Amino acid sequence: MSVDTVSLTGWGRTAPTTAVRFRPRGHEEAAAVVRGRGPRGVIARGLGRSPGDAAQNAGGSVLDLSGLARIGGVDAAAGVVRCDAGVSLERLLGVLLPLGWLPPVLPGTGRVTVGGAIASDLPGPDHRRAGSFARQVSALELLTADGEVRTVLPGTALFDATTGGLGLTGVVLGATLRLRRVGTGLMSVSAERAADLDDLLARFTAGGDRLPYASAWVDLTARGRATGRGILTRGEHATPDMRPAHAGRTRLSLRSGAAPGRSLLPGLPPLPGGLLGPAAAALCNEVRYRGSPRARTGELRPVSAFFHSSDALPDVRPLYGRGGLVRYRFTVGYGQEETLHRVVRRIAARRSPAVRAVLQRFGAADPGLLSFAAPGWSLELDLPAALPGLGRFLDGVDEEVAAAGGRVCLAQDSRMRPETVAAMYPRLAEFRELRACLDPAGAFRSDLSRRLGL
């Protein structure tokens, strides 16, 4: 096991803190770290893709699980696979797809680990059908504060506290996942432009769930009659008869994109003020919107290009400046569309340089005590952390979302206040009570847990 002292941030590169990082090679070494933890506790970490501080632990220990990355054989009869927590969804997809299987839920990036997907209970673009990631977990192995490894099953209080529990009930070491059978490695994709937010919401609902995967890019720089305009993308798994004749035997192959982690500006460090100002963002969004066809159906794309298109793009973080980026994701229920409208109008009126903004629909709430997804609309956007007045502005949006019965995503948060969390997550007291019984000495801690009082 390797050990070093490092400064860590989330993917958003905000608020770095220093911790002792352990890289175990097996379960026993991971258990030894938990048993020998110091007074500042320990938190698990995967590939560091959480935008905020959920996998940081200032002055304490961080358990890097990226080395625990074994994938077991697929049980074709049961449609399941057992894998270690450090396996990335990108690698899992690459192994399973040639066998005719898909991981249960695929969020917007494949560069997260199975353990991270469970601890964050990540939703995908088919949440209305499949729920979030943990709903497709049939068992997980959890290293608890006493150093023991437990098998935890769905329907138990510990399972519900762990899924979406941000690593605060223990360390997920492995899981058994239910899989989805597919006949090709292609998606049949439809896209259409919407003139404003009302039009975009109407197009979302008009399609029903005929195409199970749906998400939309929203232009948050557009104002006036075009406020909230966007591009809705929907998809379904292509059947063998849809496959082009030249595809041959490659129908279940995984085609990779660009090299991971390549900078958008090679050799250039993050700039002090960033390049992503309001005018540049508005121009980028205008080009993207106008460059998209008004409507297109039946386009065939590789699975990876559909689910993880951003993974093939250069690293855009240098554009946000040395302060990093804040990812803000919230959800409000059906019937609260006016709140969504007000938030979009506020962002547009402020001329916030938002280039990345994703709108999704959620289905039934997931059972996790702190799971984010609930029936309604979810909007996710990235903003430069150094934007003047951003903290006060988002505090105001928090209040509006909470007043509408909505919530902000904890797994992606880097700046929320503890009193706001209590208003948004009605089962927080239940989570705290179970955690106090399971881990009375506070073995599992993170910068996020201290900041929010979890």
Side-chain angles (χ1 to χ4, degrees), residues 108 123 125-128 187-236 276-299 301 305-307 309-310 313 316 327-363 375-383 393 397 400-401 404 406:
D126 62 339
H127 185 271
R128 286 170 59 83
M187 302 292 296
S188 176
V189 183
S190 300
E192 54 191 297
R193 282 188 349 203
D196 56 28
L197 186 56
D198 277 328
D199 186 24
L200 185 57
L201 299 183
R203 290 172 185 269
F204 250 114
T205 54
D209 292 323
R210 184 181 63 83
L211 300 180
Y213 303 97
S215 65
W217 167 77
V218 184
D219 182 359
L220 294 179
T221 64
R223 293 183 288 177
R225 295 175 63 182
T227 300
R229 68 182 181 180
I231 302 167
L232 172 62
T233 302
R234 287 186 278 217
E236 63 181 336
L276 197 63
L283 177 60
C284 287
N285 286 358
E286 180 72 20
V287 170
R288 178 172 184 176
Y289 183 77
R290 296 296 175 189
S292 175
R294 292 185 181 276
R296 178 174 55 204
T297 60
E299 179 190 8
R301 297 183 196 171
F306 178 78
F307 288 102
S309 58
S310 63
L313 297 176
V316 300
R327 177 162 294 171
Y328 187 74
R329 187 174 196 182
F330 69 91
T331 184
V332 291
Y334 297 119
Q336 296 294 331
E337 285 78 7
E338 183 51 39
T339 299
L340 179 63
H341 275 274
R342 284 197 300 270
V343 172
V344 169
R345 287 196 297 266
R346 288 178 65 177
I347 295 170
R350 198 175 184 273
R351 301 196 71 221
S352 299
V355 172
R356 181 186 177 277
V358 180
L359 182 70
Q360 287 182 276
R361 290 175 79 199
F362 286 157
W377 301 97
S378 164
L379 181 64
E380 176 183 284
L381 60 142
D382 292 345
L383 293 169
F393 175 74
V397 178
E400 190 152 8
V401 169

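Throughout, numbering of the chain's residues begins at 1 and tracks the sequence. Keep in mind it's a predicted model, so treat the numbers as computed, not measured.
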Looking at [X] and [Y], would you say the former's side chain and the latter's main chain have a donor-acceptor pair under 3.5 Å?
X: Y289; Y: A194; result: yes
X: S292; Y: R288; result: no
X: T227; Y: G224; result: yes
X: N285; Y: P353; result: no

Considering all heavy atoms, the nearest [X]-[Y] contact:
X: G298; Y: S190; value: N-OG, 3.9 Å
X: T331; Y: G376; value: OG1-C, 4.3 Å
X: S352; Y: L383; value: CB-CD2, 3.7 Å
X: A216; Y: L200; value: CB-CD1, 3.8 Å
X: S310; Y: G108; value: OG-O, 3.5 Å
X: V332; Y: A404; value: CG1-CB, 4.4 Å

From [X] atom [atom1] to [Y] atom [atom2], the distance as rounded to the nearest 0.5 Å:
X: L197; Y: D219; atom1: CG; atom2: CG; result: 11.5 Å
X: R301; Y: T233; atom1: CZ; atom2: OG1; result: 6.0 Å
X: R342; Y: R346; atom1: CZ; atom2: CZ; result: 9.0 Å
X: R296; Y: I231; atom1: CZ; atom2: CD1; result: 9.0 Å

Taken in chain and number order and not counting sequence neighbours, the residues that satisfy side chain to side chain contact (heavy atoms under 4.5 Å, CB included) with E286 are R229, R290
message: Under the criterion side chain to side chain contact (heavy atoms under 4.5 Å, CB included), I'd like the reasoning laid out for R356 against R327: C-alpha separation, chi angles, the key distance, then a yes or no.
response: CA-CA 10 Å; R356 181 186 177 277; R327 177 162 294 171; 3.5 Å; yes
Could you check if a side-chain atom of [X] sits within less than 4.5 angstrom of a side-chain atom of [Y], using non-hydrogen atoms only?
X: H127; Y: Q360; value: no
X: R193; Y: P293; value: no
X: I347; Y: Y328; value: no
X: L211; Y: M187; value: no
X: L379; Y: V344; value: yes
X: E400; Y: T339; value: yes
X: Y334; Y: R361; value: yes

Report task. Determine, step by step, whether V355 and D382 satisfy the side chain to side chain contact (heavy atoms under 4.5 Å, CB included) criterion, reporting the C-alpha distance in whole Å, the side-chain angles of both residues, the deciding distance to 0.1 Å, and the verdict. Result -> CA-CA 7 Å; V355 172; D382 292 345; over 6 Å; no
Salt bridge (charged side-chain N to carboxylate O under 4.0 Å, His left out) filter on R203, not counting sequence neighbours, yields E192, D199
inquiry  = Between L359 and L340, is the side chain to side chain contact (heavy atoms under 4.5 Å, CB included) condition met? List the steps.
reply    = CA-CA 10 Å; L359 182 70; L340 179 63; 4.2 Å; yes
F307 meets the ring-ring contact (aromatic ring centres under 6.0 Å, His included) criterion, sequence neighbours left out, with Y213
